[in-house]
Amino acid sequence: MKEEIKNYLRLDERFPHILCPGCGIGTIANILIRTFNELNLDKNNICLVSGIGCSSRIPGYIDCDTFHTLHGRAIPCAIGVKLARPYLKVIIIGGDGDILAIGLSHFIHAARRNIDLTVIIVNNYNYGMTGGQVSPTTPKGKFTYTTPYGNLEEEFNIYEISKSAGAIFFARSTTYHVTHLKKVLKKALTKKGFSVVEILSQCPTLYGRLNRLGDAVKMLEEFKNRTIDISLIKEPGEIPSDKIIIGILLDREREEYCEKYERLRKAINEKRD
Amino acid sequence: MRQLLSGNEATAIGAIKAGIRFFAGYPITPSTEIAEYMARELPKIGGVFIQMEDEIASINAVIGASASGMKAMTATSGPGFSLMQEGIGYACMAEIPCLIVNVQRGGPATGLPTKPSQSDVMQTRWGTHGDHPIVVFYPYNVLESFYLTVKAINTAYFLRVPVILLTDEIIAHMREAVELPEEVEIYQPKRKKKSPEEFLYYSEETIYDSEVAYFGEGYRIHISGLTHREDGFPTNKPEVIKRKLDRLKRKIEDNKEKLWDLEYQDIGAEVCLISYGISARTALEAKYIFEKEEKRALGYIRLKTIWPFPDKPLRALLKSAKKVIVVEMNQGQLINEIERAISPEIEIIGVQRYDGEIITPEEILAVI
Ligand SMILES: Cc1ncc(C[n+]2csc(CCOP(=O)(O)OP(=O)(O)O)c2C)c(N)n1
Ligand code: SF4
C-alpha cells in the first residue's frame, strides 16, 4: 500500500479488523481513504461519524476525528459537529438499518435542511451486526432470520427518498465497481450540501448464505452482471427491470444550511448596529 | 437592574451567561419558552439554535456540538425527556458534557401538558439503562433557576458528564422580580498540554477537570458509546471495563460534597419538613403558619441537589428529629430515598399529591 494512503489509517493495534472474510465493508474503507488521498484532504479536517453496525465500524480504523454514536443517530450527532465546526468535512457511514430504519427520519430531515454532509450508506440488504435480520432494503421474497418464509415487504428506493427529501447529490455504486465507486465518492465529497452515496456491498456470511448467493466472489459477479451505469442508458424505457442502475442519479445545487445560518447571523447583527 | 422574569427565561439567560452557544430542541409544554429565547438570542452572539425533528435528534445534536467544543444544551418535558434517555446514557459513557432541562409535567405518557408534577425525580436517576451516576439540580424560584442553571453547566464541563436541571411547571411559568448579575463565573476546560500523539481522550491520569480535545483540533480523537479504553476504542477486558465504570462513578463520588446543596431552618425541632422545588414553597408556608399558631419551631430542609442524593448531610441534619414529613407532588418518590438515608428510629410520613394541583399548607399541617 502506498505510504500516503497508509497515512489515513490507524495502523497501531487496530488491525486486524473485525470484519468477516470476504465482506464488502473492507473494500469500502479502502476506497474511502484512497478518495481522501486523491482529493488531498487534510486528515485533521475530516470527521467520520457512524452509528452501530458492521459498516459503522469503518471510522475506527481511519486516522481522523471519529465519532461512534448510537444506533441510528450518526446524522443528528454529525449535525451538531458540523454546526459547531463548519470547516470540517463531516462524513457519515452506516448500514441500511442504521440509516434507513431507526435513523430514517434524521436522514430525510438532514436532506431537507441541506446541511453539508456526505452520507455513505452501505447497503448489504440485511442487518449484519445482529446476525442477518430483515432491513428496509431487503428485497421482497428474500430470506433473513426474521423473514424465514421470505420477506413480505417492499424495499425502499434510497434514490427516490433522497431526491424527494431534498438531497443535492445521489450516486449508487458497488463493491465490485471500485474505480467507479472512487469517482462518485470524490464527486460527493466535493459537493457543498447534503450528498448521498449508496454502495451495494456483499455480506457473504449472512445475506449471501441465507439466499444461496454463493461466496463473496459470486456476489461480486452478481453486482457486475446486474448493474448498468446510468450514462449508458439512452432511453429510460430500455432498462430491463432486473437491472440496478448505478452512477450519479442526482446532481443539483441548493443553498447550504450552515451558509444560510451564517448569513442570518450577519443580517441580525447589521440590523442591530 | 431588577426585572420581571419567568423561571424558563431565567434558565435561558443563565445558560447563555454560563457560556451555552448551542441549543437543539423540540417544542414541548411547559419548556418551550427556553427554546424560543434561544432561537432569538443565540444567532446574535455567534451561537446556533436548531429545532430538530424530535427529542432523540435534539440530544444527539447537542452531544455532537459539545464534542466539537461548543457548550450545548436542550430543554424538554416528560415525553421528550423519555425519548432522550438513550442519548443521556451516551453522554455518560462517552463523557460528553451537556445540560438537559426537564420542566416537569404530569405523566405517564402525554399526561398533563399544562399542569405541575414532580414525578420525574426517579426517572432522572435511572431513566437510561446501565450503571451510571447522575447530577440533578432542582430550583425553587426564578432567581435560583438562574443560578442553578449556571452551576449545572459548570458542573457538566468540570466533570464531563450530562447534568440535568429538573424544574416545575409553576416555577417555569411564574414571574418574579429578580436582579441578575452581569457576569457569572464560568468553568473553562483545561487547555491541552499534550501533543496529539500522546493525548488520550479518556486518560486515566485525571477523572475530572481534565485536559480535553474537541473535534476539529487536529487531535484525531475517537469518541464512542461502546465501553472503551483510555484511547476510546472498544474493549472486552474485564479489568478495563471495571475501570471505566468505576471512573464514571468516581466523577461524582469524589465531588459529591461539593455538589450537595441543601437549605435548612430550625433543624433542632422534633418535626422536620423535607421538600424540593415548588412543594418546598408550600412547606415553608406551612412552617410559618404552624409556628405562628403553635409558638414552637418546625424544622425545614429543602434539597437543591437531588442527585447525588445528599444522604450524609440529611443524616447529620436530622440527628435530633423524631418525625419527618416529606412533601412532594408524586406518589412518593424521594421519600423512599430519604427513608433509606435516615435513622430507622425517625417516623417518616409523606404528603403527596398527583392530581395536577399544588399541595396546600393545610394538607401538610393536617399531618403534623
Ligand atoms: C437502539 C438499538 N436497537 C438495536 C440495536 C441492535 N443493533 C445493532 S446493529 C443493528 C443493525 C445493523 O444493521 P445495519 O445498520 O444494516 O448495519 P450492518 O451491520 O449490516 O452493516 C441493530 C439492530 C442497537 N444497538 N441499538
Ligand atoms: S456479518 Fe456481513 S456485513 Fe458484517 S462483517 Fe460479516 S460479512 Fe460483513
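Since this is a predicted model, take the numbers as computed values, not measurements. Throughout, protein chains are lettered first and strands after them, A, B, ... in sequence-line order, and every chain is numbered starting at 1.
Of all non-hydrogen atoms in B/H222 and A/G60, the two that sit nearest each other are CE1-CA, 4.0 Å. Minimum heavy-atom separation, B/P43 to A/L264: CB-CD2, 4.3 Å. Considering all non-hydrogen atoms of both residues, B/G46 and A/R265 come closest at O-NH1, 3.1 Å. For B/S68 against A/V81, the heavy-atom pair with the smallest separation is OG-CA, 3.3 Å.
A heavy-atom distance below 4.5 Å is found between the side chains of A/L83 and B/I50. For the pair A/H68 and B/H228, the minimum side-chain heavy-atom distance is 4.5 Å or more. Proximity of B/I63 to A/F67: side-chain heavy atoms (C-beta onward) are separated by under 4.5 Å at one or more points.
Put simply, OG1 on A/T66 and CZ on B/F233 are 5.0 Å apart, with the number rounded to the nearest 0.5 Å. Summarising the geometry, atom CD1 belonging to A/I268 is positioned 9.0 Å from atom CD belonging to B/E41; distances are rounded to the nearest 0.5 Å. Between B/Y214 atom OH and A/C47 atom SG the span is 15.0 Å, to the nearest 0.5 Å.
Interface residue B/Y219: only backbone heavy atoms are found under 4.5 Å from chain A. In this structure, chain B has heavy atoms under 4.5 Å from both the backbone and the side chain of A/K43. Interface residue A/L70: backbone and side-chain heavy atoms are both found under 4.5 Å from chain B. Using a 4.5 Å cut-off between heavy atoms, A/D63 contacts chain B through both its backbone and its side chain. With a 4.5 Å cut-off on non-hydrogen atoms, B/F22 touches chain A through its side chain but not through its backbone. With a threshold of 4.5 angstrom between heavy atoms, A/R10 approaches chain B through side-chain atoms but not through N, CA, C or O. If you measure heavy-atom distances from B/L226 to chain A, the contacts under 4.5 Å come from the side chain alone.
Around atom CD of B/E239, more than 12 heavy atoms belonging to other residues, nucleotides or ligands sit under 6.0 Å away. The number of heavy atoms from other shown groups lying within 6.0 Å of NZ (B/K44) is above 12. Within 6.0 Å of the CG atom in A/D12, the count of heavy atoms belonging to other residues, nucleotides or ligands exceeds 12. For A/K191, the NZ atom is densely surrounded, since the number of other residues' heavy atoms within 6.0 Å is greater than 12. Summarising the local packing, CZ of A/F107 is surrounded by more than 12 heavy atoms from other residues, nucleotides or ligands at distances under 6.0 Å. The number of heavy atoms from other shown groups lying within 6.0 Å of NZ (A/K260) is above 12.
Of the listed residues B/S66, B/A24, B/A72, B/A61, the one with more heavy-atom pairs under 4.5 angstrom with chain A than any other is B/A61. Ranked by non-hydrogen atom pairs under 4.5 Å with chain B, the options A/N269, A/I79, A/I62 are led by A/N269. Heavy-atom pairs under 4.5 Å with chain B peak, among A/G103, A/G72, A/A84, at A/A84.
Contacts from residues 52-59 of chain B to chain A, taken as heavy-atom pairs separated by less than 4.5 Å, involve B/M52, B/E53, B/D54, B/I56, B/A57 in sequence order. Interface with chain A: from residues 93-102 of chain B, no residue qualifies, criterion being any non-hydrogen pair under 4.5 Å.
For the pair A/D65 (side chain) and B/R220 (backbone), a donor-acceptor distance under 3.5 Å is present. The closest donor-acceptor contact from the side chain of A/R85 to the backbone of B/G69 lies at 3.5 Å or more, if one exists at all.
Remark: A/R73 fails to qualify as a cation-pi partner of B/Y90 under the 6.0 Å distance and 45° angle criteria applied to the six-membered ring.
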